[in-house]
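For reference, the structure discussed in these notes is given below.
Every chain is numbered from 1, with letters handed out A, B, ... down the list of sequences.
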Number of protein chains: 2
Amino acid sequence: MNSQDVILGMLMKEALTGYQIKQLLENVFSNFYSSSYGTIYPTLSRIEKEGLITKESVLQDGKPNKNLLNITPKGRDCFNAYLLAPLEGDSIRKSDFMMRLYFGEFVGYDKVIIWLKQAQEESNTKLDQLLEQYSLYKDEMHPAQVICIQIGIEEYKAKLTTIAEGLVSLEQLVQEQS
Amino acid sequence: MNSQDVILGMLMKEALTGYQIKQLLENVFSNFYSSSYGTIYPTLSRIEKEGLITKESVLQDGKPNKNLLNITPKGRDCFNAYLLAPLEGDSIRKSDFMMRLYFGEFVGYDKVIIWLKQAQEESNTKLDQLLEQYSLYKDEMHPAQVICIQIGIEEYKAKLTTIAEGLVSLEQLVQEQS
DNA sequence: TATTTCATGTAACGGGTTACATGATTGG
DNA sequence: CCAATCATGTAACCCGTTACATGAAATA
């Protein structure tokens, strides 16, 4: 799975602009993918040359012109080939938060508590976003999409529960010290 | 957080070889970090030149010589500076599995079921590893480390539960079709 | 005898991010 | 009037992986 696969997948249902692709990545896909303009636009140029998409210039008044990207039959073939390829090993996660927890012995409990609370806040925000997405679109989503979003929701819930329990146990340890 | 921070952190408690660092990454840290020899050895060379670690050659008979890496006071300062720096935004996850679920509408239920089962197996393996780590070392681990591993465990449990439920609902849909 | 484990390293390649550059409109 | 939103793109850089190279001992 790379940027090309993801972009082609997004264009399977409707034509989009590079800007909209970035929006979708941030809103809908942020739980399992991310990409920047520095990747998106060069990728779009490349796959246009390769004949996987076509650019359609749309003039707008009041707003800058935009390039609406359409997927070609060749592009559809390419995306389907990705879906037929073997499932790639699970996600690459690099979590600074988890790393710091692991090295928690080198800082005071107070610091660990701060990290936990920060992670708690962040996860809460992410969970809320997922829950909103879920309630808004669950009726029109494909069953597989529903499972995808449910996994995200349940993972965040589990993380939050465990963080909360961890906070309780740490705060108890702090009290015992004083 | 980068390879340097992680390596220095590992050396805080004991001297290790590059090979052992790789082992630790695969066994203990694999849930929130990964790195290859192509990163580890060049990083070790660089931070040795920078005076953060020292190499100590240990001759072994029957086995190749090994370079035992010791962290220097400067290296310790450097690692502590990392711990004092602001917590970096949550992990970058790129999950092919989740991406495919999201695009599930473009394949049959049977394919989605295969993907779910594959992810189930993989997560089961990972969960078992974490559970084993937990039962083996939980008594000698720092409370923060315990929380770290608990988060991993609970996330995998949540994922597995949701996948299992998803499988049930999909298999029902397949039956209704036929 | 063949594979795994221990052990260290390099070179080519790929993929991606950050920061920069541009510029008009809309809303607070 | 200032910030945010819409909109597209480039260039330098960084970090990392893959594959290769070497080689001995233990294990199956």
Considering only heavy atoms, which members of residues 44-54 of chain A lie under 4.0 Å from some atom of DNA chain D?
none

Round to the nearest Å and state the distance from [X] atom [atom1] to [N] atom [atom2].
X        : N       : atom1 : atom2 : answer
Ile21(B) : dA7(C)  : CD1   : P     : 13 Å
Leu16(A) : dT8(D)  : CG    : P     : 11 Å
Ile40(A) : dG16(C) : CD1   : P     : 11 Å
Asp96(A) : dC15(D) : CG    : P     : 15 Å
Ile7(A)  : dG16(C) : CD1   : C1'   : 12 Å
Asn2(A)  : dC13(C) : CG    : P     : 19 Å
Tyr37(B) : dA7(C)  : OH    : C1'   : 7 Å
Tyr19(A) : dC6(D)  : OH    : P     : 4 Å

Is it the case that Arg100(A) places NZ or CZ above or below the six-membered ring of Phe106(A), under 6.0 angstrom from the centre and within 45 degrees of the axis?
no

Think Lys22(B) forms a cation-pi with Tyr37(B), using NZ or CZ under 6.0 Å from the six-ring centre and within 45 degrees of its axis?
yes

Among [options], the one nearest [X] by side-chain distance:
X        : options                  : value
Pro42(A) : dT10(D), dC6(C), dT18(C) : dT10(D)
Tyr41(B) : dT8(C), dT17(D), dG9(D)  : dT8(C)
Ser3(A)  : dT18(C), dG9(C), dG16(C) : dG16(C)
Lys66(A) : dT17(C), dT17(D), dT8(D) : dT8(D)
Lys55(A) : dG9(D), dT17(C), dG16(D) : dG9(D)

Check every strand shown and say whether Gly18(B) touches a base, only sugar-phosphate, or nothing at a heavy-atom separation below 4.0 Å.
sugar-phosphate

NA contact type, Lys22(A), heavy-atom cut-off 4.0 Å: base, sugar-phosphate, or nothing?
nothing

Considering just the side-chain nitrogens and oxygens of Thr17(B), establish if one lies under 4.0 Å of OP1 or OP2 belonging to dC6(C).
no

Within less than 4.0 Å of OP1 or OP2 of dT17(C), is there a side-chain N or O belonging to Thr39(A)?
yes

Judged by atom type as modelled, is there a donor-acceptor pair below 3.5 Å linking the side chain of [X] to the main-chain atoms of [Y]?
X         : Y         : value
Glu132(B) : Gln129(B) : no
Lys94(B)  : Met1(A)   : no
Thr72(B)  : Leu52(B)  : yes

So that I can tick it off, tell me whether Glu121(B) and Lys117(B) are bridged by a salt bridge, with the cut-off set at under 4.0 angstrom between side-chain N and carboxylate O.
no

Show which residues join Tyr137(B) in its hydrophobic cluster (side-chain heavy-atom contacts under 4.5 Å, direct or indirect), or state none.
Leu127(B), Leu130(B), Leu131(B), Tyr134(B), Leu136(B), Met141(B), Val146(B), Ile149(B), Ile153(B), Tyr156(B), Leu160(B)

